[in-house]
> 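Have a look at the structure that comes next, please.
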Protein chains: 2
Amino acid sequence: MATKSAPMQRGDVTKEALLASAIAVFARDGFHAVSTRDIAHISGVNQALIGYHFRNKEGLYLAVFEHIAKQIKARIGPLADAIEAVLEAGPAVAARSEGADTYLLHLLRLTDGMTGMLAQENFAAWAQLITREQQAPTAAFEVLYDGFMGRVLGLMTQLVLRIRGSDDEIAARLTTATILGQILVFRACRTGMLRHMAWSGVSDSELAAIQRQIRRNVTAILTSKDTE
Amino acid sequence: MATKSAPMQRGDVTKEALLASAIAVFARDGFHAVSTRDIAHISGVNQALIGYHFRNKEGLYLAVFEHIAKQIKARIGPLADAIEAVLEAGPAVAARSEGADTYLLHLLRLTDGMTGMLAQENFAAWAQLITREQQAPTAAFEVLYDGFMGRVLGLMTQLVLRIRGSDDEIAARLTTATILGQILVFRACRTGMLRHMAWSGVSDSELAAIQRQIRRNVTAILTSKDTE
DNA sequence: GTCTATAAAGTGATAGAC
DNA sequence: GTCTATCACTTTATAGAC
């Protein structure tokens, strides 16, 4: 794509233009609500070129998700690599030792990063596509899960296990799910949450408030004694 | 609708059939992906009758959401009424007194109820419609928010305030949002969460595990000392 | 690689008979 | 209330010129 420094050929420009438009309108209106005519028109490109470059409408849709997965992987990769390194270096069970604090710190850094990423304006379209894809999964979901979702969930689970000093992986996975939920709710239920908070959008101060709240929650969840 | 005991007229049967089919296919495929021909065919009803009973396709779509809001209101209403009564009867600020435990109990009962409702099989279609509507809100979203969403969020916020013995409503609303997220993630990101948990579905034992996890989390979040 | 033109099928809505 | 038939329009995909 545009990541290589090689000069873009004529066809590459067309491809990128189609991809960019497709992301925007597929996100806003969904696969079936959008016509290839519209995408071509918005891109300033002839409709027949969709067939030439992506085979058909579905090929363009899949290309959109491959693009998204690649971008997210690029952004979250360094953070994930760092966590993986810490997990491999550290003791297998931390059990409320000093290690637990380090792991918690890394987890909070990850949740902060994910929350920040979700709040970014150009992530809005991606999030809509990802959310929609989970309601009625197609082949595109595999691209997402294999691309980054599985790895992030796995790393979070390992961190939770280390922080708890536990080997109950099911509990850790459940906990991971609920942590993820706290982050995603501000995207998946964005309309409802904005109204609930009486916010018109999520800018820097609102994002900071969300991150603070989630950090506090995660800390409470992972450091409280089991009282049941 | 079918709640009255009066005998159904011929037209009512048609209306209900169309509504039931519409819920199923609008949920699965989205408004634009579904044709009125398909809905009519699945309902075993003539296509022209959609226009007769609901004016047009959009009228049918709105009717679907009015139906959903009504059903959810009916299910969650009693629980909400009970909480409202407790809120009015109890002291305005509980501040870690005995009252706080009562409020926490009611909040946990509410989260349990919501989690259980979301796990129900016939709620799947409703949840998909609600989630989709938040990605690209139409007039249907107002029906949902005014119908039940606003009330539930408001009650949860009041409970959080009482449990905390605080008057920081913004913090309470943020907390409410994150609690909701923990519940909704199992629907909004169902596909990803099922794979993450290595579950094939959410039956009784899985539901119980989710409810237990959320109860534990909510308790930890609301009873931990602020350490920041 | 890009274009025009068009085939083939599908769409929502409705007029009018019963 | 329900039906058939049809209008006016949009859809995806592609053949073929450049």
Side-chain angles (χ1 to χ4, degrees), chain A residues 1-2 4 6-65 67 129 132 136 138-140, chain B residues 1-2 4 6-65 67 129 132 136 138-140:
Chain A
M1 308 282 162
K4 299 263 180 262
M8 281 209 295
Q9 305 295 320
R10 193 162 57 131
D12 289 337
V13 177
T14 302
K15 250 179 123 162
E16 301 250 358
L18 284 170
L19 210 47
S21 309
I23 289 175
V25 296
F26 278 148
R28 201 188 51 196
D29 301 330
F31 182 81
H32 294 282
V34 169
S35 71
T36 52
R37 270 177 175 71
D38 286 344
I39 297 174
H41 181 252
I42 296 168
S43 312
V45 155
N46 190 278
Q47 186 218 347
L49 291 176
I50 290 175
Y52 179 78
H53 287 289
F54 300 99
R55 212 171 83 91
N56 54 23
K57 189 183 179 183
E58 202 182 323
L60 175 56
Y61 187 71
L62 266 178
V64 160
F65 280 85
H67 177 82
L129 289 164
R132 213 191 304 266
T138 69
Chain B
M1 307 284 160
K4 301 263 180 258
M8 282 210 295
Q9 305 296 320
R10 192 163 56 132
D12 289 336
V13 177
T14 302
K15 252 179 122 161
E16 302 250 357
L18 283 170
L19 211 46
S21 310
I23 288 175
V25 295
F26 278 148
R28 200 189 51 196
D29 301 330
F31 182 80
H32 294 282
V34 170
S35 71
T36 53
R37 273 176 173 76
D38 285 343
I39 298 174
H41 181 252
I42 296 168
S43 312
V45 155
N46 191 278
Q47 186 217 347
L49 291 175
I50 289 175
Y52 179 79
H53 286 289
F54 300 99
R55 213 172 82 89
N56 53 25
K57 189 183 179 183
E58 202 182 323
L60 175 57
Y61 187 71
L62 267 177
V64 159
F65 280 85
H67 176 82
L129 289 164
R132 214 192 301 266
T138 69

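Chain A is the first sequence line, chain B the second, and so forth, proteins listed ahead of strands; every chain is numbered from 1.
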> What is the distance from NE2 of B/H32 to P of D/dC9, rounded to the nearest Å?
20 Å
> Starting from C1' on D/dT11, measure out to CG on A/D29 and report it in whole angstrom.
16 Å
> Of the residues in residues 42-56 of chain A, which ones touch DNA chain C at a heavy-atom distance under 4.0 Å?
A/N46, A/A48, A/L49, A/Y52, A/H53
> Going by side chain to side chain contact (heavy atoms under 4.5 Å, CB included), name the residues that satisfy it together with B/A27, two or more places apart in sequence or in a different chain.
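Per chain and number, B/A27 pairs via side chain to side chain contact (heavy atoms under 4.5 Å, CB included) with B/A125, B/Q128, B/L129.
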> With heavy-atom distances below 4.5 Å as the criterion, would you say the side chains of B/K57 and B/I50 are in contact?
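Contact flag for B/K57/B/I50 side chains = no.
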> Looking at every heavy atom in both B/F26 and B/V64, which two are closest together, and how far apart are they?
CD1-CG2, 4.2 Å
> For a 4.0 angstrom threshold against heavy atoms of chain B, report the outermost contacting nucleotides of DNA chain C in 5' to 3' order.
C/dT11 to C/dT14
> When we call it a touch if two heavy atoms are under 4.0 Å apart, what does A/V34 touch: a base, just sugar-phosphate, or nothing?
sugar-phosphate
> For A/I39 and D/dT11, what is the distance between atoms CD1 and C1' respectively, to the nearest whole Å?
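It works out to 12 Å between those atoms.
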> Is there side-chain contact between A/T138 and A/Y61, with heavy atoms separated by less than 4.5 Å?
yes
> In whole angstroms, how far is the C1' atom of D/dA13 from the CD atom of A/E58?
14 Å
> Got A/D38 and A/V25 here, is their nearest side-chain heavy-atom distance under 4.5 Å?
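A side-chain contact under 4.5 Å is absent here.
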> So which heavy atom on B/S21 is nearest to which on B/I42, and how close?
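Shortest heavy-atom separation between B/S21 and B/I42 comes out as OG-CG2, 3.9 Å.
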> If we only count heavy atoms from C-beta on, is the B/N46 to B/Y52 side-chain gap below 4.5 Å?
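Result no, sub-4.5 Å side-chain heavy-atom pair not found.
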> Is there a side-chain contact between B/F31 and B/R132, using heavy atoms and a 4.5 Å cut-off?
no
